Amino acid sequence: MKTKSPSAKSAYKRRSLWGAIALVVLGMMLWGGFNTAMEATNRMSFCISCHEMHDNVYQEYKTSVHFSNPSGVQAGCPDCHVPKEWGPKLLRKIQASGEVYHWLMGSIDTKEKFEARRPALAERVWKVMEETDSRECRNCHDFTVMDLAGQARFPARIHKDAMEEGKTCINCHKGIAHRLPRSHTAKADIPEFDPEDAEDIMQTCAACHGIYAQGTPDGEYPRLAGMNPDYLIRQLEHFKNRKRINIPMIPFANDRELPGTDMQTIAYYLASIDLPTHIAVIDEEEVAKDEGFDALARLEESKRSLNIPHYPGNADAGGRLYRKECATCHGEKGEGNRMLTIPMLTGQHSKYLLRQVERFRKGERIHDDPRDQQIFQRFGDSEIADILAWLSRQDD
């Protein structure tokens, strides 16, 4: 039996060594190339390289606090939508192949297609964030290091409750960087209702709230037109069970005068009323010629329009305070939140809002939580006036 010579053995060992080194180098190159490619797809410039993202969600994101804020800390697309850990990140990249397929198929290549699919896309993202306990949010926002004492008054109370109740960020912060689907906003489609029944019921409501549900400027009766229908139903239920006391409502807020079906009918009807903030500009020449000008129609149009007069106060300071204390729940411009059954504030009579604040302060009405009474008491009168001044300018 032949044996290898020492020189042959040495050559074999050298070839084996160089082969192992080559494999290691090749592995490092492949691994490095793979990671480099993965990181290249993990930049905002890549995320918005297609017009579907650039023309839609990116434009919305640029108006959010995650894009620009006083701290100068920006959270880009990957920060919110791609896990930091390597394993979950790889899984997310594999899942993204489905997004590439839809891009190739042109599933959302127009504004109309995108808006049609927005509810499903949003629900999918929210579901993932709930399942992961808002993992990507917590890269920056962590309950364990959150200084509640340094937060605004209402957010501090809500965050403390969220910690104790095991809630996660996305439960309250949907739409924080991108516009909510229409189905989740104050402009969501109103369920069908019987218009004749609604008009019959409205005859009773109109005596106080006006024939267009516009309310009264003195703050005695609120505007109901265009309000969140679910919120209206909830308030009617509160009047019925006396959780909310209002003397004029007592004769009407009962099951005999206003059964459950009637509550829904009138709520949907009120929500469907659109009150313009301005009346149309008339053509003076046509009026002078008396051609086609309907004075009665013009009068009715003026009665239907509702623009809240500017409330005295520092509107700029009020806007800053509103964004800090109220915007997360009541909307960026006071438009309300359909998902959370939170009413709009913009377009509501300023004196009515002030009356409700006073009732919250006295504990005569519950805001969101009984503890909010003390929070409202900590607001100065000038601060409330400033917020009302800002709100009164949002429907200009």
Side-chain angles (χ1 to χ4, degrees), residues 56-70 115 118-119 122 152-155 158 172-190 213-215 217 219 222-232 270-278 305-354 356-357 360 367-368 376 379 382-396:
N56 295 299
V57 292
Y58 178 62
Q59 300 306 319
E60 299 164 4
Y61 158 69
K62 288 198 299 182
T63 66
S64 76
V65 70
H66 281 146
F67 181 83
S68 177
N69 54 72
E115 290 301 329
R118 187 190 282 266
R153 287 157 275 201
F154 285 112
I158 294 170
C172 296
H173 293 285
K174 294 180 177 71
I176 190 73
H178 304 299
R179 186 163 56 80
L180 287 168
R182 178 183 171 86
S183 57
H184 294 75
T185 67
K187 295 184 179 179
D189 294 335
I190 306 300
Q214 71 272 25
R223 167 203 181 138
L224 301 179
M227 294 285 285
N228 182 329
D230 297 325
Y231 176 78
L232 292 174
L270 291 168
S272 71
I273 300 175
D274 181 26
L275 297 183
T277 58
H278 299 87
S305 65
L306 176 61
N307 186 273
I308 304 301
H310 288 179
Y311 194 82
N314 186 330
D316 291 336
R320 290 191 293 271
L321 187 56
Y322 175 88
R323 287 187 288 273
K324 183 178 179 181
E325 291 283 0
C326 319
T328 299
C329 293
H330 284 281
E332 181 182 357
K333 293 184 176 295
E335 68 275 17
N337 188 312
R338 184 74 172 267
M339 289 184 66
L340 301 179
T341 322
I342 294 174
M344 68 176 187
L345 302 179
T346 293
Q348 186 59 268
H349 297 288
S350 300
K351 290 184 179 179
Y352 175 78
L353 293 176
L354 180 60
Q356 301 317 299
V357 169
F360 293 145
H367 176 244
D368 179 50
F376 274 106
F379 279 87
S382 61
E383 289 181 307
I384 297 298
D386 291 345
I387 292 176
L388 292 177
W390 183 81
L391 286 170
S392 70
R393 287 162 171 77
Q394 298 314 298
D395 66 347
D396 286 352

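Because the structure is predicted, anything quoted here is derived from the model rather than measured.
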Quiz item: side chain to side chain donor-acceptor pair (under 3.5 Å) with Q356: which residues, sequence neighbours excluded?
Solution: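 Here the qualifying residues are R365.
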
Determine whether [X] and [Y] make a side-chain contact, defined as any pair of heavy atoms from C-beta on separated by less than 4.5 Å.
X    : Y    : result
M344 : R223 : yes
I308 : Q348 : no
P217 : K351 : no

Exercise. Go through the structure and list residues passing salt bridge (charged side-chain N to carboxylate O under 4.0 Å, His left out) with E335, not counting sequence neighbours.
Key: none

Quick one: pull up [atom1] in [X] and [atom2] in [Y] and give me the separation to the nearest 0.5 Å.
X    : Y    : atom1 : atom2 : value
H66  : S68  : NE2   : OG    : 12.0 Å
H178 : E60  : NE2   : CD    : 7.0 Å
N228 : I342 : CG    : CD1   : 9.5 Å
F379 : F360 : CZ    : CZ    : 12.0 Å
L321 : N314 : CG    : CG    : 10.5 Å
L340 : C172 : CG    : SG    : 6.5 Å

Hey, does the side chain of [X] reach the backbone of [Y] with a donor-acceptor pair shorter than 3.5 angstrom?
X    : Y    : result
Y322 : G334 : yes
Q394 : W390 : yes
T341 : D230 : no
Q214 : L275 : no

Quiz item: Of all residues at least two apart in sequence or in a different chain, which pass the side chain to side chain contact (heavy atoms under 4.5 Å, CB included) check with D189?
Solution: R182

Exercise. Quick one: list whatever passes side chain to side chain contact (heavy atoms under 4.5 Å, CB included) with P119, sequence neighbours left out.
Key: P181, S183

Quiz item: Closest heavy-atom contact between I190 and P229?
Solution: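 Of all heavy-atom pairs spanning I190 and P229, the closest is CD1-CG, 4.5 Å.
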
Quiz item: Have H310 and D396 got a donor and an acceptor in their side chains that come within less than 3.5 Å?
Solution: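 There is such a pair between these side chains.
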
Quiz prompt | Worked verdict on H349 versus Y311 for ring-ring contact (aromatic ring centres under 6.0 Å, His included) | solution = CA-CA 10 Å; H349 297 288; Y311 194 82; over 10 Å; no

Quiz item: With a 4.0 Å cut-off, would you call K324 and E383 a salt bridge?
Solution: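 No, no charged N to carboxylate O under 4.0 Å.
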
Quiz item: Is E332 salt-bridged to R179, going by a charged N under 4.0 Å from an acidic O?
Solution: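 No, this pair does not count.
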
Self-check item: Candidate pair H367 and F376, rule ring-ring contact (aromatic ring centres under 6.0 Å, His included), full reasoning
Solution: CA-CA 9 Å; H367 176 244; F376 274 106; 5.0 Å; yes

Self-check item: Listed once per pair and sorted, the salt bridge (charged side-chain N to carboxylate O under 4.0 Å, His left out) pairs that draw on residues 310-322, sequence neighbours left out
Solution: none

Quiz item: Got a sec, which residues hit ring pair (Phe, Tyr, Trp, His ring centres under 6.0 Å) with H330, two or more places apart in sequence or on another chain?
Solution: none

